[in-house]
Amino acid sequence: MTSPAAAAAPRLTTGGRPTAIPKSRPATPRERLSSLTTHIALIVFSVIAFLPFFSMFLVSLYPADQPAVGIALPRELNFGNYARAWDVTNFATLMTSSAIVALVVVPLGTILCILTGYAFGAMRFPGRNLLFFTFLFGLLMPFEATIVPLYYDLRAFGLVNTYAGLILPETALFLSFGTFWMRAHFLSTPRALVEAARIDGANSWQTLWRVLLPSAWPAITTMMVLFFIWSWNEFLLALVLMTDKSVQTAPAGLGLFIGEHTKDSSGLAAAAVLMSIPCLIVYVVLQRHFIRGVTSGSVKG
Amino acid sequence: MVLNTAVLPPQAPASIAPAARRRGRSRGTAPGEPRLVAYLYLVPALLMVVVFVLLPVLHTVYLSLVKWDGVTAATFVGLGNYVDILTDPQLRALFLHSLELVFFFAVLPISLGLLITALLSRRAVRGMTFYRSILFLPQVVSMVVIAVAWQWIYAQDGVANQLLGLIGLDRGIAWLGDFTWALPAIGIVGAWLSTGLCMVLFLSGVQKIDTSLYEAARLDGANAWQEFRHITLPGLRAEIAVALTLTVVGALKSFDVVYLLTKGGPGTSTAVPGYEIFARAFGRGEAGSAASLAVVLTVIIFVVSIAISRFSKEPEV
């Protein structure tokens, strides 16, 4: 997304009149009114976006005998729900599985996509368009298109209910986006940089890691943030490929829990809050990257 | 293809690339430029894509031509499963439900986002970073968490009825268990999910439109509608395409939200292709039928995405 300064830039160059420059004069009453309505609208929609999470957080603090009815403050704070949710849902196992999957999918996907993005973005070779379309196919394809045979084929190879059985297909499905993303990045780096490195005697491997990578970190970080959040939240694949409780990831485990134990609303709410914490931390720290990635219009699976 | 380079701000000038490529082709590659080594960089990823994406897709196409319960031998039925999709009213209903979700997931949020963008100030908003982080929150958390939060909102004594009660309309409906209301209720979750995204996209997009265009329009006596129709709307073409792609495709392939909130029920009133593929393949032993639904769904998504990317490139009218 653009910073306000970047957004103002075209006005400075094309507007030409001092009135077009923001902050160069006090706002007129009409502008002040319009700015006020803007804020009111943004506040209203922010409240709507936040309300469901807020009410869930409140429920997670309810004492055992308070039913989850509408939005109401907890009569007294009960952090015991969190301890109970942790035990009942076997949450330590769920979170560990999710962490193992994410911690393999993210680096593996990232490295593979740096390589493919580099090949497609900075090199010329026969058949590159055809190969690129092979990758693009997965960008639009819904996961539903592969899930049925994926389950039966992985089962035939004994890979259902193993970490590899979720990690490999998940990574493969993220490669399309990553390849597209890194290719766009490497296409935007000046060719002169690559050519200068080659003239200095660097081979393609050295050019990638020593010359191109240092300036590629913002793009790589964005991709990693998306990979992490997609992997952590992946539902369909995890639900189908990990049915055993010992390897189930948090979304799949909790998803099944919703159906079975809807009575314990505060425990469920607490589990949902716990499950979101890793993503929220990544989001709070690397928010700009996440928003930039999502608004690029890429569809995941 | 569908990705819109126009909205990938800091990485922008993708347009340089084709030019460079053309130049390269006419001159031939520079001496010493690596060519074949490129394949080495592609091999690991390509292998994974072939094994875990392309072969399964071909396998899905094969399965769509058979009747198979997942255990015993499959029997070849040709296009029988596809004929079922066209003739069986229950299967056709899946796609009609999808269409209804497209309205809620895509049409509603985008219209709302455009309306707000048209009404609001086009100047940079102070504190936008803060609003943006809140408006984007629904995109960050798992659908499981969203489902947990919304199932209470829709409960008989939940927030939805509480709010309706304020205007005297609380009829005590259990929204997700109601034949009429369950699908719109799921749709509203989708609308809630996309509205913030669309607002952020459009509000930041509108700031990139040259303000002198608006000034010129005002001098020419254009009214607010004409300004919106001839300046704002064309100026937001790239952002609208991104929003359409994300939300329409999201609606078409929706599985999580249906599985978590209603499991297709009550009856089959909220069953959509994504959910039915799962239910048929892994619940009811109809893997062939599930595969044919997957093929149809994939084709629809491809056609729709390509149509949207065409629209985004169309010259301004």
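Convention: sequence-line order gives letters A, B, ...; per-chain numbering from 1.
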Chemist: When heavy-atom pairs shorter than 4.5 Å are enumerated against chain B, which of C279(A), A119(A), A145(A), G127(A) gives the highest number?
Modeler: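 Highest number of heavy-atom pairs under 4.5 Å: A145(A).
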Chemist: Sort W205(A) into side chain, backbone, both or neither according to what part of it lies under 4.5 angstrom from a heavy atom of chain B.
Modeler: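 Answer is both: backbone and side chain atoms of W205(A) are under 4.5 Å from chain B.
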Chemist: Determine the minimum heavy-atom distance between M56(A) and V148(B), stating which atoms define it.
Modeler: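 Scanning both residues completely, I find the closest heavy atoms to be SD-CG1, 3.9 Å.
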Chemist: Check whether L197(B) gets within reach of chain A through its side chain, its backbone, both or neither, counting any heavy atom under 4.5 Å.
Modeler: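 Interface part for L197(B): side chain.
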Chemist: Checking L175(A) against chain B: side chain, backbone, both or neither under 4.5 Å from a heavy atom?
Modeler: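 Contact with chain B involves the side chain of L175(A) alone.
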Chemist: If you tally heavy-atom pairs under 4.5 Å against chain A, which of G274(B), G196(B), A290(B) wins?
Modeler: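 Of G274(B), G196(B), A290(B), G274(B) has the most heavy-atom pairs under 4.5 Å with chain A.
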Chemist: Measuring heavy-atom distances to chain B, does L208(A) have an atom under 4.5 Å in its side chain, in its backbone, in both, or in neither?
Modeler: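 For L208(A), the contact with chain B is made by the side chain alone.
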Chemist: For the residue pair F255(B) and E144(A), what are the closest heavy atoms and their distance?
Modeler: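 Scanning both residues completely, I find the closest heavy atoms to be CB-OE2, 3.7 Å.
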Chemist: Would you say the side chain of T38(A) lies within less than 4.5 Å of the side chain of M128(B), judging by non-hydrogen atoms?
Modeler: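 In short, these two side chains do not touch, never coming nearer than 4.5 Å.
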Chemist: Do T171(A) and F52(B) touch side chain to side chain, with heavy atoms closer than 4.5 Å?
Modeler: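 The answer is no, as the side chains (C-beta and beyond) never meet within the 4.5 Å cut-off.
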Chemist: Between L63(B) and chain A, which part of the residue has a heavy atom less than 4.5 Å away: side chain, backbone, both or neither?
Modeler: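 Only the side chain of L63(B) comes within 4.5 Å of chain A.
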Chemist: Working to the nearest 0.5 angstrom, can you tell me the gap between L201(B) CG and I291(A) CD1?
Modeler: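 If I round to the nearest 0.5 Å, the distance is 10.0 Å.
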Chemist: Pair N233(A), M143(B) - check side chain to side chain contact (heavy atoms under 4.5 Å, CB included), show working.
Modeler: CA-CA 7 Å; N233(A) 293 338; M143(B) 190 58 95; over 6 Å; no
Chemist: Under a 4.5 Å heavy-atom cut-off, does chain B meet the side chain of L239(A), its backbone, both or neither?
Modeler: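 L239(A) touches chain B through side-chain heavy atoms alone.
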Chemist: Tell me, do M141(A) and V57(B) make a side-chain contact under 4.5 Å, heavy atoms counted?
Modeler: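 In contact.
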Chemist: I need the residue from W232(A), F50(A), F45(A) with the largest number of non-hydrogen atom pairs under 4.5 Å to chain B.
Modeler: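 So the answer, after comparing W232(A), F50(A), F45(A), is F45(A).
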Chemist: So, do F120(A) and Y41(B) have ring centers that fall under 6.0 Å from each other?
Modeler: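 Judged by ring-centre distance (under 6.0 Å), F120(A) and Y41(B) do not meet the cut-off.
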Chemist: Evaluate F53(A) against W192(B) for ring pair (Phe, Tyr, Trp, His ring centres under 6.0 Å), listing each step before the verdict.
Modeler: CA-CA 12 Å; F53(A) 299 120; W192(B) 169 82; 5.6 Å; yes
Chemist: Among the options A41(A), A269(A), G178(A), pick out the one with the most heavy-atom pairs lying under 4.5 Å from chain B.
Modeler: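 Counting heavy-atom pairs under 4.5 Å, the top option is A269(A).
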Chemist: Could you go through F278(B) and L236(A), starting from their C-alpha distance and side-chain angles, then the distance that decides it, and tell me whether this counts as side chain to side chain contact (heavy atoms under 4.5 Å, CB included)?
Modeler: CA-CA 9 Å; F278(B) 173 84; L236(A) 177 60; 4.1 Å; yes
Chemist: Stepwise, does the side chain to side chain contact (heavy atoms under 4.5 Å, CB included) test hold for F143(A) with K253(B)?
Modeler: CA-CA 8 Å; F143(A) 286 9; K253(B) 71 184 172 63; over 6 Å; no
Chemist: Is there side-chain contact between L131(A) and L42(B), with at least one heavy-atom pair below 4.5 Å?
Modeler: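 Yes; the side chains approach each other to less than 4.5 Å.
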Chemist: Which bit of Y39(B) comes within less than 4.5 Å of chain A, counting heavy atoms only: side chain, backbone, both or neither?
Modeler: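 It is the side chain, since no backbone atom gets that close.
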Chemist: By a 4.5 Å heavy-atom criterion (distance strictly below it), what part of V295(B) contacts chain A: side chain, backbone, both, or neither?
Modeler: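 It is neither, since no heavy atom gets under 4.5 Å.
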Chemist: Which bit of T298(B) is near chain A, if near means a heavy-atom gap under 4.5 Å: side chain, backbone, both or neither?
Modeler: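 Both backbone and side chain.
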Chemist: Below 4.5 Å from any heavy atom of chain B, which atoms of L154(A) appear? Answer side chain, backbone, both or neither.
Modeler: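 Just the side chain, heavy atoms under 4.5 Å.
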Chemist: Can you confirm whether the side chains of Y152(A) and H59(B) place a donor and an acceptor under 3.5 Å from each other?
Modeler: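 No donor-acceptor contact under 3.5 Å links the two side chains.
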Chemist: Would you find a donor on one side and an acceptor on the other, under 3.5 Å apart, between the side chain of T146(A) and the backbone of P56(B)?
Modeler: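 The answer is no, because no donor-acceptor pair under 3.5 Å joins these two groups.
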Chemist: For Y151(A), which residues count as a ring pair (Phe, Tyr, Trp, His ring centres under 6.0 Å) partner, sequence neighbours excluded?
Modeler: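 Testing Y151(A) for ring pair (Phe, Tyr, Trp, His ring centres under 6.0 Å), a comparison that skips the adjacent residues, returns F282(B).
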Chemist: Under the side chain to side chain contact (heavy atoms under 4.5 Å, CB included) rule, what do V53(B) and L173(A) come out as? Steps first, then yes or no, please.
Modeler: CA-CA 7 Å; V53(B) 181; L173(A) 287 165; 3.9 Å; yes
Chemist: Carefully, step by step, assess F235(A) and Y259(B) under the rule ring pair (Phe, Tyr, Trp, His ring centres under 6.0 Å).
Modeler: CA-CA 10 Å; F235(A) 189 65; Y259(B) 174 88; 5.6 Å; yes
Chemist: Checking heavy atoms, do the side chain of L46(B), its backbone, both or neither come under 4.5 Å from chain A?
Modeler: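 Both parts, backbone and side chain.
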Chemist: On a heavy-atom basis, which atom in I301(B) and which in P142(A) lie closest, and how many Å separate them?
Modeler: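 The pair with the smallest heavy-atom distance is CD1-CG, 3.7 Å.
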Chemist: For the CZ atom on F57(A), are there more than 12 heavy atoms of other groups (residues, nucleotides or ligands in this structure) within a distance under 6.0 Å?
Modeler: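 Not more than 12 within 6.0 Å, no.
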Chemist: Show the nearest heavy-atom pair for residues R155(A) and G70(B), with the distance to one decimal.
Modeler: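 Shortest heavy-atom separation between R155(A) and G70(B) comes out as NH2-O, 3.7 Å.
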Chemist: For atom OH of Y62(B), is the number of surrounding heavy atoms from other residues, nucleotides or ligands below 6.0 Å larger than 12?
Modeler: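 Not more than 12 within 6.0 Å, no.
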Chemist: I'd like to check L42(A) versus M199(B) (side-chain heavy atoms, cut-off strictly below 4.5 Å). Are they in contact?
Modeler: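 Yes, close enough: below the 4.5 Å cut-off.
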Chemist: Working to the nearest 0.5 Å, report the span between CD1 of I134(B) and CD1 of I43(A).
Modeler: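 Going from the CD1 atom of I134(B) to the CD1 atom of I43(A) covers 11.0 Å.
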Chemist: Closest heavy-atom contact between I229(A) and V140(B)?
Modeler: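 Nearest heavy atoms, I229(A) then V140(B): CG2-O, 3.6 Å.
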Chemist: I would like to know whether F136(B) and Y283(A) meet ring pair (Phe, Tyr, Trp, His ring centres under 6.0 Å); could you show each step before the answer?
Modeler: CA-CA 10 Å; F136(B) 249 76; Y283(A) 180 60; 7.4 Å; no
Chemist: Output the distance between atom OG (S305(B)) and atom CG (L139(A)), rounded to the nearest 0.5 Å.
Modeler: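 With rounding to 0.5 Å, OG (S305(B)) is 9.0 Å from CG (L139(A)).
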Chemist: Compare every heavy atom of M48(B) with every heavy atom of L168(A), then report the nearest pair and how far apart it is.
Modeler: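 Taking every non-hydrogen atom into account, O-CE, 3.3 Å.
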Chemist: Name the option with the most non-hydrogen atom pairs under 4.5 Å to chain A; the candidates are V49(B), L293(B), I277(B), L260(B).
Modeler: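 Top option by heavy-atom pairs under 4.5 Å: L260(B).
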Chemist: Which answer fits P126(A), side chain, backbone, both or neither, if we ask what part of it has an atom under 4.5 Å from a heavy atom of chain B?
Modeler: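 Contact with chain B is through both the backbone and side chain of P126(A).
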